[in-house]
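Lettering follows sequence order; numbering is per chain, from 1. None of these values were measured; they are calculated from a predicted model.
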2 protein chains.
Amino acid sequence: MEPELIWMRPEVSGVGRPPSRSRAEITEAAVRLADRDGLAGVSMRHVAAELGTGAGSLYRYVDNRDDLLDLMADHVYAEFQLGEPSGDWLSDLVAHGLQAREIFRRHPWLAELVLTRPVVGPNGIDVTEHFLAVLADHPAADGDKMVAMAMLNSVVAAAAQAEASPADMLRSARYIAHVAAAGKHPHLAALDLAPDGGDPLPGALRRILAGLLAK
Amino acid sequence: MEPELIWMRPEVSGVGRPPSRSRAEITEAAVRLADRDGLAGVSMRHVAAELGTGAGSLYRYVDNRDDLLDLMADHVYAEFQLGEPSGDWLSDLVAHGLQAREIFRRHPWLAELVLTRPVVGPNGIDVTEHFLAVLADHPAADGDKMVAMAMLNSVVAAAAQAEASPADMLRSARYIAHVAAAGKHPHLAALDLAPDGGDPLPGALRRILAGLLAK
DNA sequence: CCTCGTTCGCGAACATCGTATGCGATGCAG
DNA sequence: CTGCATCGCATACGATGTTCGCGAACGAGG
C-alpha cells in the first residue's frame, strides 16, 4: 500500500538491529551480475548468492525485483560526466548522446531497461537537470525539451541494442531481403542503408536534435 | 539451430497428421488474453487454456514464447489502414502516428513490445513499405527516413504507455516534485509542462517530423 | 482398404523464478 | 541488563517456460 518510488522510502529505520548490507552494495552486485550474464541472469537468488546471503534477505532492502531494476538503471547513470554547458547546446547534447552510448556499451542490459521504464532516481534526475541546463537559454517550450531528451535516449538505446545483438539484426535483414525479393514492396527493395564510412551516430544525433529544437 | 524469424518457417509440413489449430488462431487467442489481462497474463498455459488445449501443444506451432510475442505484435499491425499517399507527406505521417496511438489504446500491451523488439512480420513490413511510399519523393537519405519512422513509433509508444499507466507517472512526478523542493535542481523546479488544452500529440508529431525531415 | 511414415495432442516432469512467512539471533535504547 | 524492533535465513508455495515420451490420428502409396 506504499506506491512510492524506492528512493522515497528511507533506507535505514533507525531502531532495531542494523542491516548488514546496503542498497548500494546489493545494486552493485546486481550490476556486476548483469554485466556478466545479462538481465535474465539477475534473479533474486543469483544476486543473493553473489552477496553470499539468502534470496529472501533481499526483500529487507527492496520491495520486489522491479525496485532492484530501478536501482540498477539509476546506479549506472552515475557514470555520466556532467560538465559545464559550453554555450554550444547542439555539440553538448551530441556529446551527451555519445557518452550515453559508451555507458550502454559497458552495460548492454541497460538499453532494454531504459526503453521500458523511465530512469528517475537521484542520478537520473541529475542527468535531466544537466540536460535542461544545457538548453537553459534555448527558446523551445519545456515540453519540447523533454521530448528531445526522451528521443535522444531512445535513439541511442536503440542503436546500442542493435550493436549489442547483431544476430537479431541479421535475422530481420534476412527476412526483409526475402520479402523484398518477392517484388511487392518496391520502396523496401530500393532501400539503400549502406553507411558511408565512419561513425553514423554523431551526424544522426546532430540532425535529430537540430531538427527537433529548430527555432 | 534454426535462427530464422518465425515467418520464414513454413506453417504446414505437408506430411503426417495435420494440425488442428493454426498460428493465426493461437495468435488471436494470445491477443485476446493480452487485451484482457496484460502481457504478463500471456503465459503458454493460459493461451493453451484459452484454446482448450495443453500447454505443451503450443510448441508444435511456436518455438518459444518470444515467437508468440512476435506474432502478436505483427498481428495487430494489420489494423493499420494504409491509404494512398495524399501528396502532403507531413500530414500523412502525423495521421499515421495518430492511427498508431489508436492501436496502442486498443492494445495497451503493444507499446512495451514495440519498444523492446522491432516489428518485422508481414504486416510490419507493409507498414514500413507504406511509410516509405509516403516519403518516396522526399529528398532525405533512406537512413534518415528509417530513423524518422523509428522515432515516430517511439514517441507514440511512449505517449501511449504514459497514458496507459497514470499511476507510474504520478509516482515519478511525486518524486521529481520532492527533489525539486530540495532546491538543488533549479531547471527541474522551473519546469512548466502544463498542456495548453487540446491534444498535444498532433502538434508534437508535426514538429518532430518536420524537424527530422527538414530539407 | 490397408499399411506405413510422420506428425499431432497431451500429460507429466524439470528446473527456475518471484515472493510470503515464521523463527531464532542480533544489536541498540533505556 | 532488559526489552524489543529489526535482521538474516530457511522453507514453502504457486507459477512459469520448456522438454520429452507416448499413443492416437491422418495422408499417401500400394
Side-chain angles (χ1 to χ4, degrees), chain A residues 1-3 6 9-27 29-30 33-34 36-73 109 112-113 116-117, chain B residues 1-3 6 9-27 29-30 33-34 36-73 109 112-113 116-117:
Chain A
M1 201 46 57
E2 277 188 285
I6 186 169
R9 302 193 294 267
E11 173 157 12
V12 293
S13 57
V15 300
R17 173 183 175 183
S20 28
R21 271 164 281 263
S22 67
R23 276 182 196 167
E25 204 173 341
I26 292 175
T27 307
L33 225 135
R36 192 199 316 143
D37 305 329
L39 252 201
V42 181
S43 71
M44 303 303 271
R45 272 170 249 264
H46 285 159
V47 174
E50 179 89 7
L51 289 159
T53 146
S57 308
L58 295 185
Y59 288 90
R60 297 281 179 190
Y61 301 85
V62 151
D63 271 9
N64 46 47
R65 184 169 179 267
D66 274 4
D67 270 0
L68 184 55
L69 297 183
D70 283 342
L71 287 174
M72 291 171 63
W109 46 270
E112 180 184 337
L113 233 53
T116 309
R117 73 190 60 214
Chain B
M1 200 48 56
E2 276 188 289
I6 186 169
R9 301 193 295 267
E11 173 156 12
V12 292
S13 57
V15 300
R17 171 180 175 185
S20 29
R21 271 163 280 264
S22 66
R23 277 183 195 165
E25 205 173 341
I26 292 175
T27 307
L33 225 134
R36 191 199 317 141
D37 306 329
L39 252 201
V42 181
S43 72
M44 302 303 270
R45 271 172 249 263
H46 286 160
V47 174
E50 179 89 8
L51 289 159
T53 151
S57 308
L58 295 185
Y59 288 89
R60 298 280 179 190
Y61 302 85
V62 151
D63 272 9
N64 45 47
R65 184 169 180 268
D66 273 5
D67 270 0
L68 184 55
L69 297 183
D70 283 341
L71 286 174
M72 290 170 64
W109 45 271
E112 178 183 338
L113 234 52
T116 308
R117 75 191 61 212

For this session: Heavy atoms under 4.0 Å is the rule here; annotate nucleotides 23-30 of chain C 5' to 3' with B where the base is hit, S where only the sugar-phosphate is, and - elsewhere.
Result: --BBS---

Problem set entry | Verdict with supporting geometry, A:Met72 and A:Trp109, side chain to side chain contact (heavy atoms under 4.5 Å, CB included) | CA-CA 10 Å; A:Met72 291 171 63; A:Trp109 46 270; 3.9 Å; yes

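Nucleotide D:dT16 holds its C1' atom 14 Å from the CG atom of B:Leu68, rounded to whole Å. In this structure, B:Glu25 atom CD and C:dG9 atom P are separated by 10 Å, rounded to whole Å. Look at CG on A:Leu58: it is 13 Å from P on C:dC17, rounded to the nearest Å. If you take OH of B:Tyr59 and P of C:dA13, they are 18 Å apart, rounded to a whole angstrom. Between B:Asn64 atom CG and C:dA15 atom P there is a gap of 21 Å when expressed in whole angstrom units. Separating the CG atom of B:Leu51 from the P atom of C:dG9 is a distance of 11 Å, rounded to the nearest angstrom. We find that CE of B:Met44 is positioned 19 Å from P of C:dC17, with the value rounded to whole Å. What separates CG of A:Asp66 from C1' of C:dG18 is a distance of 11 Å, to the nearest Å.
Here CZ of B:Arg60 is found 11.0 Å from OG1 of B:Thr53. Values are rounded to the nearest 0.5 Å. Between the CG atom in B:Leu68 and the CG atom in B:Asp63 there is a gap of 11.5 Å [rounded to 0.5 Å].
Neither OP1 nor OP2 of C:dG9 sits under 4.0 Å from any side-chain N or O of B:Thr53. At the phosphate of D:dC7, neither OP1 nor OP2 sits under 4.0 Å from any side-chain N or O atom of A:Ser20. For D:dA15, the OP1/OP2 oxygens have no side-chain nitrogen or oxygen of B:His46 closer than 4.0 Å. OP1 or OP2 of D:dG8 sits under 4.0 Å from a side-chain N or O of A:Tyr61.
Judged by distance alone, the side chain of A:Glu11 and the main-chain N or O of A:Arg23 form a donor-acceptor pair under 3.5 Å.
Among the heavy atoms of the strands lying under 4.0 Å from B:Ser13 are primed sugar atoms or P, OP1, OP2 only; no base atom is included.
Residues B:Arg45 and A:Arg65 each lie close to DNA chain C; by heavy-atom proximity, the contact nearer the 5' end of the strand is made by B:Arg45.
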